[in-house]
Amino acid sequence: MKVLVANLGSTSFKYRLFDMESEEQLARGGIDRIGEGADSTCVAEIGSNRIEASQRIADHAAAVQMCLDQLTDPESGCLKSVDEVSAIGFKAVFAGKLSGIHLVNDDLLKAMESLADVAPAHNPPYVKAMRQLQASFPEIPLVAALETAFHDTIPEPLRMYAAPYHWAEEYEVRRWGFHGASHRFIGTKMETLLGSNDAKVISCHLGGSSSVCAMRGGKSQSTSMGMTPQSGLPQNNRVGDFDPFALRLVKRLTGKSYDELLDELSSEGGLLGISGISNDLRDIEKAAEGGDKRAQLAIDIYCADIKRYIGQYLAILNGADAVVFTGGIGENSDVVRKQVCSNMTFAGIELDEQKNQTAREEGIISTEQSAVQVWIVPTNEEIVVARQTAQVVKGE
Ligand code: ADP
């Protein structure tokens with residue numbers, strides 16, 4: 001069975017194709033600038049072949065068509081025909097209590113649509129693309145993996161806000177948690193790496209979106225993102241946790257509406273908002289090295305918040321066996337890892353500076369004396385979604 005896993009942005013489509021018997025990744029690729037009226041770069045890496053095309057791509061259905069054309073190319077492709085694709089799996093984000101793995105149908109799309117204002121960066125592009133794909137490829141089952149389900153194991157006191165009780169019951173206002181596929185992957189992987197199925201692991205998924213998750217035996221015990229993916233740690237351009245009552249003051253002083261202010265917080269906040277430079281940590285680190293104070297402040301705020309969550313989770317788990325860094329930032333930024341792990345010897349966390357600077361792939365970056373191991377583990381959310389998609393297709 002072959003499963004295509006799609007990762008959608010409002011103007012981008014990234015994918016991986018897996019053979020599910022061997023779990024081998026057969027191909028990966030991506031298309032940018034979808035629907036922008038300009039030429040898109042359509043890249044496919046199939047085995048050792050890299051195919052690149054430049055073409056105008058009107059929408060996500062056209063993007064998937066382009067991807068399938070590249071994958072079935074008689075010369076360089078890896079599929080004889082599109083029929084070989086058993087399903088397309090989506091790392092979908094939020095459909096409230098319709099959590100878990102679902103065949104994409106009208107109920108699911110409506111649930112996602114009804115929460116578009118709560119997850120504005122994530123739900124609208126997925127719903128739009130899923131509708132287009134349903135129409136264009138009716139023969140390929142579409143499966144949505146809503147990984148809020150991974151956080152179903154969080155105990156009630158850590159799930160609920162201290163808002164009026166009926167908000168949780170009637171409006172489903174609670175800490176749902178996100179990045180479930182990544183934290184699930186790390187939890188499972190750490191069971192193998194630590195040789196224990198009861199390990200206490202703090203997983204730091206740091207990337208365009210970031211969250212920290214406390215896990216015991218691979219099960220989520222608490223996580224930093226709450227009701228929406230806007231919350232928790234500062235994100236690339238989203239604020240993270242914030243006191244909602246500050247909005248009243250800013251509304252009064254600026255005359256802007258709550259919607260305008262929320263849009264501002266979710267597009268001009270986070271690393272971008274503080275640094276005023278970029279939403280990409282690489283640019284911010286470069287500027288900070290050059291002496292830019294706001295760039296340094298953005299890094300400091302981000303790291304302080306990650307440290308704060310690690311501290312909470314050490315308390316919740318009664319210590320930890322491992323702290324894991326993953327995601328684009330977690331896997332690549334020795335600056336962030338060093339700052340987060342500094343002054344943590346009280347908790348038995350001691351980073352090996354040399355290993356931290358040179359590590360590029362999976363491995364331990366703490367000293368031999370460190371009671372808590374610190375790891376870099378590249379995440380693989382797509383294989384989690386592919387496994388879940390295959391389960392649905394097989395009817396398991
Ligand atoms: P997403 O959450 O969108 O999937 P990623 O997990 O790929 O994103 O993380 C993307 C982020 O990783 C980039 O915005 C960039 O800030 C950061 N990043 C990637 N490489 C490096 C690096 N070498 N040093 C610092 N940050 C990096």
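Just so you know, ligand 1 is whichever comes first in the structure, and atom 1 is the first atom listed for that ligand.
- For the 3.5 Å distance criterion, the side chains of T148 and S99 qualify, holding a donor opposite an acceptor.
- With respect to the salt-bridge test (charged N to carboxylate O, under 4.0 angstrom), the residues R131 and E113 qualify.
- Identified under the ring pair (Phe, Tyr, Trp, His ring centres under 6.0 Å) test for residues 232-281, with sequence neighbours left out: none.
- Residues that satisfy the ring pair (Phe, Tyr, Trp, His ring centres under 6.0 Å) test with H183, not counting sequence neighbours, are absent from this structure.
- Near ligand 1, residues G207, G208, S209, D280, L281, R282, E285, G327, G328, I329, N332, S333 each place a heavy atom inside the 4.0 Å sphere around the ligand atoms.
- Side-chain atoms of Q25 and R16 include a donor-acceptor pair closer than 3.5 Å.
- For residues 307-328, the pairs satisfying side-chain hydrogen bond (donor to acceptor under 3.5 Å, both in side chains) are D241-Y309, D305-R308, T326-E331, with sequence neighbours left out.
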